[in-house]
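Below: the structure, in structure tokens.
Not measured: the values here are computed from a predicted model.
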Amino acid sequence: MSKPVLITIGVIVALLGLLFTLQGLGVVGGSAMSGSTLWAVLGPIIAIVGIVLVVLGLRKRPTP
């Protein structure tokens, strides 16, 4: 997978994780996820996965 694609996917996943966290904590309302402890726990995990994808996309690959 190319670096820009991996970085883009990582940023999107991290932002969704942040949104899920805020909905789970009740900061952002208007959905079934609002105020749900499940999303308050899963949101940060999803955000971390997104950050890992961004870091992997930014890492330099060793030259052969």
Side-chain angles (χ1 to χ4, degrees):
M1 190 175 295
S2 69
K3 289 177 115 179
V5 172
L6 192 60
I7 293 169
T8 303
I9 291 172
V11 168
I12 291 169
V13 170
L15 290 175
L16 286 174
L18 177 63
L19 176 63
F20 295 166
T21 302
L22 294 175
Q23 285 181 323
L25 294 174
V27 175
V28 177
S31 79
M33 293 167 35
S34 297
S36 173
T37 305
L38 174 69
W39 292 107
V41 173
L42 289 179
I45 295 169
I46 294 168
I48 290 170
V49 170
I51 292 168
V52 168
L53 290 175
V54 170
V55 169
L56 288 175
L58 291 174
R59 260 184 33 188
K60 292 186 178 190
R61 295 185 185 159
T63 54

Please find the pair of heavy atoms, one from P44 and one from W39, that lie closest to each other, and give the distance. CD-O, 4.3 Å
In one Ile/Leu/Val/Met/Phe/Trp/Tyr side-chain cluster, 4.5 Å: V41, L19: no
Same cluster or not: are I7 and I48 linked, directly or through other Ile, Leu, Val, Met, Phe, Trp or Tyr residues, by side-chain heavy atoms under 4.5 angstrom apart? no
Are V5 and I12 in one and the same hydrophobic cluster, where Ile, Leu, Val, Met, Phe, Trp and Tyr link if side-chain heavy atoms are under 4.5 Å apart? yes
Applying the 4.5 Å side-chain criterion to the ILVMFWY set and letting contacts propagate, would I46 and L56 be lumped into a single cluster? yes
Please report the shortest heavy-atom distance between A47 and L18, naming the atom on each side. CB-N, 4.2 Å
Do V55 and L6 share a hydrophobic cluster, counting only Ile, Leu, Val, Met, Phe, Trp and Tyr and linking them when any side-chain heavy atoms are less than 4.5 Å apart? no
May I have all residue pairs that pass side-chain hydrogen bond (donor to acceptor under 3.5 Å, both in side chains) and include part of residues 18-28, sequence neighbours excluded? Q23-S31
Positive for side chain to side chain contact (heavy atoms under 4.5 Å, CB included) with V13, one of L16, I9, V11, L15: I9
If you look at every heavy atom in A40 and L25, which pair is closest and at what distance? CB-CD2, 3.9 Å
